[in-house]
Amino acid sequence: MNCNYIFKSIFILPVLAIGLLVTGCYDSMWENHVEKEKLLNSNLVQMINTKSELSIFSTLLKKSGYDKVLELPNSYTVFAPTNDAWNGVDTTNTDQIRKLISTLIVYKSYQTKDDELFTSVKAINGKNIFYDEATKTFNGAKIITPDLVVSNGVIQIMDKVIERRNNNWEYLSENTGYSQYGFINSLNTKVMDTEKSIAIGVEASTGKTKYDTVWTNMNNFLKKYPLDNEDSVYTYIVVENSGFDLLYNKYKNYFNMSTPAKTDSTTRFNVCQDFVFKGIVDITKFDTLTNVDGVKVPFKNVQISKSYNTSNGRVYVINASNIKLKEKIKPIYIEGENFTNATDVNYVFTRYKRSARGERDITLSSGETQNDTLYRKLTHVKDSIVSKTYFINSGLVANYANFHIEYKAKVNSANYDVYYVAYDDIADHFDYTYTSYGVYKVVQKLFMSLPGASPLKFNSGRIVANNYLGDNICFVGQGKAGGVKELTKLKPYNLVAATQIVSTPITTAGSDVLTIPTTGDLTMWLCNTARSNTASRQGLLFLDYILLVPRINE
């Protein structure tokens, strides 16, 4: 045999093999390219129809009408269940199928490379779909074939039908035996939907517009705590009726209203609101949790009879939670700068103070003349009486007797101790050496109108009327300028009838307690004219905050 032929053959064979290999790779790459082009030229419905394992889903899409949605040139993610996933599902119930199918379609295309997919996504029916990292599932279903990308979205093939979950309120609505559901549901009232109602003419007899009226439910509890809103994620706790009654009987004396019916409704509202928590919370991991209103709710050793992951959070059913009264009926802070009215706001200054609560306090620009016993500057003999006028701004003096600064606070039907911080830190108001001048004595009056009572007002001579203690008694705070900033307890004093100047203290037992008989808005007037009603010298006012402390031991 020709040696040259053999030599050439040895080199030709590998080249042919490499050529065939390259050609095969090229063909494979081309086929993949062609396949991707086919996918990108298909829409979601067309792609689903080509998958034999999705034939039942394809049929149900047409039955529900959602095939028309998936043909639109939008961007969707479809969680498509395999045929086996539909075992046990009543596919003849069209309404039920529509609810299920609409939970399997999500606005926006999500691939498994997108981190956003593995948190929560919202279906086109508004329902949330939550990813569970522990089980690698979406509402109980797992992706088995990922990321079929087509022209108008992505298909994720699932081993199960993604669970369509009730929201918190829908869950309660299917468990109607609980007192919490019964009360919240009783608050539903039908109101006219002005946006959807259509004007169809005019009433001949009245001239008023006649509407084809669309009605909607209004519920004050769900408005404040939107358990029915798919965009708001809450954990809601339902207590067995015996546990509800435990709190109801404990609370009702502190939510007393003008009628028994209003007392009952207000008390029930408060029991229901105490079990709303922001976000999804595992109550088994905590002894105590703080609800959305700042009340600490104990969960140590509670018995959980049911738990349900909803489309907007979670619901637990427990036996009871004995919330402490001191957690429910809390001290009330009223900031000085949050006044609602004044005799003349131009004389009320809001000051920035780092040391103040909320870094603000207020002062009334006025004046007061005060006599002090002073030491002589040279001999330090304490024998002279000096008259000194104290000002905030001597060029701006509020010339009003009983100048009032008004505050309002929501209070419970309870007994309160009344405090305030009224700090006069003006350097010209205190000289504790008494070598030049004395120390300004901060004496201020607080008049109050109880919830439901006639409002505070001025009678002739600027006498404050409708004070709950009468015209001749009010709470008084006494302190001194400078020195130590401190919480001052206000106590009742007799007033001079004609002027309401502070007279003598009232020292009978319990007289320093503010007793609120009904829940509602308390109105307070902080007033000067504590020691003199001389023109332009009725007294300054200072306030960081008022503090109402309920007398509750539990």
Side-chain angles (χ1 to χ4, degrees), residues 166-191 215-230 232-278 281 283 289-299 302-308 310-325 327-330 410-414 451-452 518-521:
N166 287 331
N167 63 41
N168 289 333
W169 179 241
E170 288 172 335
Y171 178 83
L172 263 67
S173 299
E174 293 182 356
N175 294 269
T176 59
Y178 296 111
S179 296
Q180 279 160 268
Y181 169 78
F183 172 73
I184 298 171
N185 190 60
S186 73
L187 300 178
N188 284 338
T189 55
K190 282 189 175 181
V191 295
W215 298 95
T216 185
N217 268 333
M218 178 68 71
N219 187 302
N220 286 335
F221 187 92
L222 296 177
K223 185 177 180 181
K224 185 175 182 181
Y225 307 102
L227 303 178
D228 58 338
N229 189 334
E230 300 286 350
S232 302
V233 180
Y234 291 99
T235 295
Y236 192 63
I237 312 297
V238 178
V239 293
E240 301 285 356
N241 292 347
S242 58
F244 184 94
D245 293 341
L246 171 72
L247 290 176
Y248 175 87
N249 291 324
K250 181 191 287 192
Y251 285 3
K252 65 181 180 181
N253 290 335
Y254 296 92
F255 293 96
N256 190 42
M257 301 292 286
S258 57
T259 68
K262 289 181 179 179
T263 299
D264 177 76
S265 180
T266 303
T267 306
R268 290 180 183 277
F269 194 103
N270 272 271
V271 176
C272 291
Q273 75 180 30
D274 279 348
F275 294 99
V276 182
F277 300 86
K278 193 69 177 174
V281 182
I283 67 171
L289 284 169
T290 301
N291 69 18
V292 294
D293 295 309
V295 176
K296 291 182 179 178
V297 182
F299 289 108
V302 300
Q303 297 173 18
I304 301 172
S305 58
K306 297 177 185 176
S307 66
Y308 178 72
T310 67
S311 61
N312 63 344
R314 182 176 293 168
V315 175
Y316 289 95
V317 179
I318 66 173
N319 61 326
S321 177
N322 192 10
I323 300 169
K324 299 296 183 184
L325 276 175
E327 292 295 340
K328 179 65 177 175
I329 314 299
K330 292 186 172 185
K410 291 192 176 298
V411 292
N412 293 96
S413 48
T518 58
T519 295
D521 289 328

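Every heavy atom of this structure was used, including side-chain atoms; hydrogens, water molecules and symmetry mates were not. These numbers were taken from a predicted model, which means no experiment stands behind them.
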Under 6.0 Å between ring centres: does that hold for Tyr234 and Phe275? no
Could you check whether any side-chain heavy atom of Val315 comes within less than 4.5 Å of a side-chain heavy atom of Val238, counting everything from C-beta outward? yes
Between Pro298 and Ser321, which heavy-atom pair has the shortest distance, and what is it? O-OG, 2.6 Å
Should Tyr251 and Leu325 count as side-chain neighbours, where that means a heavy-atom distance under 4.5 Å? yes
Decide side-chain contact (heavy atoms from CB on, under 4.5 Å) for Phe277 and Ile283; before the verdict, give the C-alpha distance in whole Å, the side-chain angles of both, and the deciding distance to 0.1 Å. CA-CA 10 Å; Phe277 300 86; Ile283 67 171; 5.9 Å; no
Considering non-hydrogen atoms only, spot the tightest contact between Asn256 and Ser413 and give its length. N-OG, 3.0 Å
Any sub-3.5 Å donor-acceptor pair from Lys330's side-chain atoms to Gly294's backbone N or O? yes
Between Pro451 and Val411, is there a side-chain heavy-atom distance shorter than 4.5 Å? yes
Going by heavy atoms in the side chains, are Asn175 and Tyr181 under 4.5 Å from each other? no
Show the nearest heavy-atom pair for residues Asn167 and Glu230, with the distance to one decimal. ND2-OE2, 3.1 Å
State whether the side chain of Thr290 and the backbone N or O of Val295 hold a donor-acceptor pair below 3.5 Å, judged by distance alone. no
For a 4.5 angstrom cut-off between non-hydrogen side-chain atoms, does Asp274 reach Ile237? no
When you look at Arg314 and Val281, which way does the side-chain contact (heavy atoms from CB on, under 4.5 Å) test go after all the steps? CA-CA 8 Å; Arg314 182 176 293 168; Val281 182; over 6 Å; no
Do you see a donor-acceptor pair shorter than 3.5 Å between the side chains of Asn322 and Lys250? yes
Is there a donor-acceptor pair under 3.5 Å between the side chain of Asn412 and the backbone N or O of Thr519? no
Within this structure, what is the NZ-NZ distance for the pair Lys324 and Lys296, rounded to the nearest 0.5 Å? 13.5 Å
Value rounded to 0.5 Å, distance of CG in Asn168 from OG1 in Thr235: 7.5 Å
Starting at CE of Met218, measure out to NZ of Lys223 and round the result to the nearest 0.5 Å. 5.0 Å
Going through the checks in order, is the side-chain contact (heavy atoms from CB on, under 4.5 Å) test met by Ser265 and Phe183? CA-CA 8 Å; Ser265 180; Phe183 172 73; 3.7 Å; yes
What distance do Met257 atom CE and Thr266 atom OG1 have between them, rounded to the nearest 0.5 Å? 4.0 Å
Take Phe255 and Arg268, measure what side-chain contact (heavy atoms from CB on, under 4.5 Å) needs, and give me the verdict at the end. CA-CA 10 Å; Phe255 293 96; Arg268 290 180 183 277; over 6 Å; no
Apply ring-ring contact (aromatic ring centres under 6.0 Å, His included) to Tyr236 and Trp169, showing your working. CA-CA 9 Å; Tyr236 192 63; Trp169 179 241; 8.7 Å; no
For the residue pair Ile184 and Phe269, establish whether any side-chain heavy-atom pair is separated by less than 4.5 Å. no
With no hydrogens and no angle check, just 3.5 Å: does a side-chain donor-acceptor pair link Lys278 and Asn291? no
Mind checking the CG-CD spacing from Leu227 to Gln180? Nearest 0.5 Å is all I need. 10.0 Å
Beyond-backbone contact of Val239 with Asn319, side-chain heavy atoms, under 4.5 angstrom: no
Closest non-hydrogen atom pair, Lys306 against Tyr178: NZ-OH, 3.6 Å
More than 12 foreign heavy atoms under 6.0 Å from CG of Asn188: is that the case here? yes
What I want to check is whether the side chains of Tyr225 and Asn219 have a donor and an acceptor closer together than 3.5 Å. no
How long is the span from the CD1 atom in Ile329 to the OH atom in Tyr254, to the nearest 0.5 Å? 7.5 Å
Distance-only polar pair, side chains of Asn241 and Ser179, donor-acceptor under 3.5 Å: yes
Does a side chain donor of either Tyr248 or Asn270 reach within less than 3.5 Å of an acceptor in the other side chain? no
Does the side chain of Tyr316 reach to within under 4.5 Å of the side chain of Ser305, using non-hydrogen atoms? no
